Structure formats: C-alpha cells, structure tokens
Amino acid sequence: MATKTVTVGILALQGNFAEHAALLAAMSVQVQYVRTVQDLEQCTHLIIPGGESTTISLLLASTGLDAAITDRCRASTLSVMGICAGAILVATKITGKNPPASLGLIDITIDRNAYGNQLESFDASLIVSHVDRPVRASFIRAPVITHVGKDVEVLAMHGEHPVIVRAGNVWALTCHPELRDEESIHRLFIAS
Ligand code: GLN
C-alpha cells in the first residue's frame, strides 16, 4: 500500500509552537516551522498553536499567510488544527472582548477567554471519539465553543461544552494535549 507523504507545519509566529515540535519529534513525525508563505508550500498539515490570538492574527495578515492558509484549506490541499488561540482563529464567529480577525475555516462560534483568567486554567481528562482511553489536556485561558454548525463533528465535550471538534480538514481544540505529552489527538489529525 502506498504511504501518504505527510509534512506537518507548525505556525511559529508566536505562542507555544515549540511544545508541538517536541511532541511530534517524539512521535518521529517530520515537522516544518511555518513563518512565511514559502514555508507552507510543502506542508500537508498545519498546526496553529495556542498563544495570543490578536498577535497571531496580525502576524498572519502581515506575512500573507492568512490568504495562503484559507486558499489551501478551501482547495482541500491542507488540513488545519487550531489549538486554543488557534481555535479562535479558525472559527467563523468570535465573540468576547476585542475579537481578532478570523480565518473563518470552521462553522463554530467561539467565546474568547470565556473560562476566565489565567488562574482559572485547569487540567482535565477527556473522553474522545476514536480514542480508546482517556485523553489528558490542559485548558489555559481557554475559549468556549458556544455553537457548532450542522456539519461539525464533536469529538469531545467538557461539561456542556464541545472542546474538540472537526469539520472535514479543519479541527479546533480549546485545550492543549501537547502540554500533557498526549499524542493521540495529533495522531488522529495527521492520519486524517
Ligand atoms: N486567551 C488566549 C487568546 O484569546 C488564548 C489562550 C491560549 O491559546 N492558551 O488569544
């Protein structure tokens, strides 16, 4: 059987991109830091990490990566996983104070900083579809997904909120599995 060639890009403009690189290195997955449109070219997958969504959004616009990502994603030549700030950036609708410009890639509404401030960050163990054991993840000044469109699959909930969702080639996570050395979600994403 032919194996699919996968190159996983990690957007490395701001935020915790290094933890994703360390996790993927431990999984022996080849990664490419993405800082320019050229860096994105050979990528089949892109992780948009957590960080500060307003800052990342401004840097996406100034590098032209915003248009490059949306074009490739709409052409289905790129899969994208947005984590926390990244989830905010891929959502079609952002609520809360000072919403950044979004890439509008997945039909969800997300409320920025809705869990409260840094002190209200927490760890959780999640039941995730397609994973046969509990998944560890941290929520850090996390946003809350308040609405999902009809074509969005909810893979995990925490309380009454969806926390891992997917529609086709776009994934959004409001939690950080990479901060708990949790490989399962990255594995699912790369296999998709
Ligand atoms: N609170 C941040 C924002 O709104 C996201 C936090 C995170 O990425 N862990 O941009």
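Both ligands and their constituent atoms are indexed starting at 1 by order of listing. Worth knowing before you read on, the calculation uses all heavy atoms, side chains too, and leaves out hydrogens, waters and symmetry mates. As the structure is a prediction and not an experimental result, all values here were calculated from the model.
Look at Arg141 and Glu52 and you find no salt bridge, because none of the NZ, NE, NH1 or NH2 atoms lies under 4.0 Å from a carboxylate O.
If you look at Phe122 and His158, their ring centroids are closer than 6.0 Å.
Taking every heavy atom of both residues into account, Tyr33 and Ala21 meet most closely at OH-CB, 3.4 Å.
We find the CD1-CG distance between Ile83 and Leu179 to be 9.0 Å, quoted to the nearest 0.5 Å.
When the options Glu182, Arg187, His186 are evaluated for a side-chain hydrogen bond (donor to acceptor under 3.5 Å, both in side chains) with Ser184, the one that passes is Glu182.
Every atom of ligand 1 with a heavy atom of Gly50 under 4.0 Å away is listed here by number and element: 8 (O). Listed by number with element, the atoms of ligand 1 under 4.0 angstrom from any heavy atom of Glu52 are 10 (O). Residue Ser53 approaches ligand 1 through these ligand atoms, each under 4.0 Å from one of its heavy atoms: 3 (C), 4 (O), 10 (O). The ligand atoms of ligand 1 that sit less than 4.0 angstrom from a heavy atom of Ile88 are 3 (C), 4 (O).
The protein non-hydrogen atom at the shortest distance from atom 1 (N) of ligand 1 is Asn113 OD1, 2.6 Å. In this structure, atom 2 (C) of ligand 1 lies nearest to the protein heavy atom Gly51 O, 3.5 Å. Of the protein's heavy atoms, Cys84 SG, 2.9 Å lies nearest to atom 7 (C) of ligand 1.
Between the side chain of Ser57 and the main chain of Ala101, a donor-acceptor pair closer than 3.5 Å is present.
There is no side-chain donor-acceptor pair under 3.5 Å between Ser125 and Arg180.
For Arg112, every heavy-atom contact with ligand 1 shorter than 4.0 Å involves the side chain, none the backbone. Neither the backbone nor the side chain of Thr54 has any atom closer than 4.0 Å to an atom of ligand 1 (non-hydrogen atoms only).
For Ile83, no nitrogen or oxygen atom sits less than 3.5 Å from a nitrogen or oxygen atom of ligand 1, counting backbone and side chain alike.
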